[in-house]
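Just so it is clear, the values below take in all heavy atoms, side chains as well, and ignore hydrogens, waters and symmetry mates. In this chain, residues are counted from 1 in sequence order.
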Amino acid sequence: KQSKRQAALLQLSADLAVALDEQDICKRAVHHLHDVLGFDYVSVFLVDEDSGDRVLQVGIGLPDQLIPDRMPPGQGLSERPLLDGQLHYTPDVTQESNYIPGNNGSEVDVPIRIGKEVKGVLIVESARLHAFSQNDCDVLNTAANIIGLALTRAWIFTIEHRQFDELAVMHATAMAMTE
């Protein structure tokens, strides 16, 4: 089982290496963790810098009406990794006052870092109580790190592309002025 998980993480890394934008990265990661590693419910939320809300990028495994599009600060278990940068495992979500109803089982919330800052959270749930092992948590930590690296690459690419476009406009303007 351990070697299967390591191979799946290697494949996740390779799969995300060809993804070009934030949405594609999140979609590929969520589907990989759900389909290949078999986690029941998987989602990625990224933080909206203006509001502080966690905004759903992709979620799979729960009916759509149970997956919130946005979670404001102060709501949901997935806020904890944003506050302290640590993975949080909740073996029985019904025991937590901040839980937003979905599966009434267990949940793992993992920070997604861009550089040193936590910019999102990987949420994995199971309908079973006490469903996740230390090995699962290790795999999910690694997956969140891979997602963070892929997002960093995509954001850098977007910034560089925008700067290139701005330079092209400035160059065209300068050329028009010299004519």
Side-chain angles (χ1 to χ4, degrees), residues 5-6 8-10 12-13 15-17 19 21-34 37 39-62 67-103 105-126 129-159:
R5 287 182 167 206
Q6 288 175 343
L9 287 171
L10 184 59
L12 174 64
S13 184
D15 198 25
L16 295 187
D21 61 41
E22 181 178 288
Q23 190 64 35
D24 191 29
I25 289 166
C26 293
K27 180 180 176 184
R28 287 172 185 250
V30 163
H31 283 278
H32 190 87
L33 291 168
H34 181 265
L37 289 170
F39 293 111
D40 294 345
Y41 166 69
V42 182
S43 64
V44 170
F45 284 79
L46 297 178
V47 176
D48 178 320
E49 295 295 325
D50 295 329
S51 68
D53 290 356
R54 283 155 283 150
V55 179
L56 177 67
Q57 302 304 302
V58 181
I60 188 170
L62 284 178
I67 304 173
D69 290 335
R70 298 180 82 86
M71 287 188 275
Q75 291 185 7
L77 299 179
S78 63
E79 182 178 41
R80 298 174 300 178
L82 299 176
L83 299 174
D84 66 10
Q86 301 295 312
L87 177 145
H88 287 268
Y89 172 41
T90 307
D92 181 354
V93 295
T94 63
Q95 302 301 309
E96 298 292 329
S97 61
N98 276 352
Y99 180 65
I100 297 172
N103 277 328
S106 49
E107 179 174 326
V108 179
D109 301 297
V110 190
I112 297 174
R113 289 180 176 78
I114 307 299
K116 293 183 180 187
E117 293 184 47
V118 177
K119 297 286 190 175
V121 62
L122 170 65
I123 302 171
V124 180
E125 292 185 42
S126 173
L129 298 175
H130 304 276
F132 299 99
S133 67
Q134 182 60 50
N135 190 358
D136 292 324
C137 291
D138 292 344
V139 165
L140 293 170
N141 246 338
T142 301
N145 288 337
I146 292 169
I147 294 166
L149 289 170
L151 288 170
T152 300
R153 179 186 45 78
W155 288 346
I156 289 170
F157 177 78
T158 299
I159 290 167

Apply the test side-chain contact (heavy atoms from CB on, under 4.5 Å) to residues Thr90 and Gln95: give CA-CA distance (whole Å), side-chain angles for both, the deciding distance (0.1 Å), then the verdict.
-> CA-CA 9 Å; Thr90 307; Gln95 302 301 309; over 6 Å; no
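- The backbone N or O of Cys137 lies less than 3.5 Å from no partner atom in the side chain of Tyr89, so there is not a single donor-acceptor pair.
- Taking each heavy atom of Ser126 and Asp40 in turn, the nearest pair found is OG-OD2, 3.1 Å.
- The existence of a salt bridge linking Asp48 and Arg70 is confirmed by a sub-4.0 Å separation between a basic side-chain nitrogen and an acidic carboxylate oxygen.
- At a threshold of 4.5 Å between non-hydrogen side-chain atoms, the residues Asp69 and Leu56 count as touching.
- Taking the side chain as every heavy atom from C-beta outward, Lys119 and Leu151 never approach each other to under 4.5 Å.
- Side-chain contact annotation: Arg54 with Ser43, donor-acceptor N/O pair under 3.5 Å absent.
- Met71 is listed as a side-chain neighbour of Ile123, based on a closest heavy-atom distance under 4.5 Å.
- If you take CG on Asp15 and NZ on Lys27, they are separated by 11.0 Å, rounding to the nearest 0.5 Å.
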Audit row: Phe45, Asp53, side-chain contact (heavy atoms from CB on, under 4.5 Å) steps and yes/no | CA-CA 9 Å; Phe45 284 79; Asp53 290 356; over 6 Å; no
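- Counting non-hydrogen atoms of neighbouring residues, nucleotides and ligands closer than 6.0 angstrom, the CD atom of Glu117 reaches no more than 12 such neighbours.
- Checking Asn145 against Thr142 by side-chain atom types alone, no donor-acceptor pair falls below 3.5 Å.
- Judged by distance alone, with hydrogens and angles left aside, the side-chain atoms of Glu79 form a donor-acceptor pair with the main-chain N or O of Gly74 at under 3.5 Å.
- Closest approach of Val42 and Val30 over heavy atoms only: O-CG1, 3.4 Å.
- Of all the heavy atoms in Val118 and Pro111, the pair that sits closest is CG1-CB, 3.8 Å.
- Arg28 contributes atom CZ, which lies 4.5 Å from atom CG of Asp24 (distance to the nearest 0.5 angstrom).
- No side-chain N or O of Ser78 forms a donor-acceptor pair with one of Asp109 less than 3.5 Å apart.
- Annotation for Leu129 and Gly105: closest pair CD2-O, 3.7 Å, computed over non-hydrogen atoms.
- The structure places CD1 of Ile147 at 6.5 Å from CG of Leu16, a figure rounded to the nearest 0.5 Å.
- A donor-acceptor pair is defined here as one N or O able to donate and one able to accept, closer than 3.5 Å; such a pair exists between the side chain of Gln23 and the backbone of Gln57.
- Put simply, the side chain of Leu122 reaches to within 4.5 Å of the side chain of Leu33, judged on heavy atoms.
- Rounded to the nearest 0.5 angstrom, Cys26 SG and Ile112 CD1 are separated by 6.5 Å.
- In this structure, Tyr99 and Glu107 approach most closely via the heavy-atom pair CE1-OE1, 3.2 Å.
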Mind running side-chain contact (heavy atoms from CB on, under 4.5 Å) on Ile114 and Thr152 for me, showing each step along the way?
-> CA-CA 6 Å; Ile114 307 299; Thr152 300; 3.5 Å; yes
Give the intermediate values and the outcome of side-chain contact (heavy atoms from CB on, under 4.5 Å) for residues Val108 and Asp136.
-> CA-CA 9 Å; Val108 179; Asp136 292 324; over 6 Å; no
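- Looking only at distances, no side-chain donor or acceptor of Ser13 sits under 3.5 Å from a matching main-chain atom of Leu9.
- If you take CZ on Phe39 and NE2 on His32, they are separated by 10.5 Å, rounding to the nearest 0.5 Å.
- Contact detail for Arg113 and Gln86: the closest heavy-atom pair is NH2-N, 4.4 Å.
- Residues Val44 and Val58 form no side-chain contact, since every pair of their non-hydrogen atoms from C-beta on lies 4.5 Å or further apart.
- Counting only heavy atoms from C-beta outward, the side chains of Leu77 and His88 never approach each other to under 4.5 Å.
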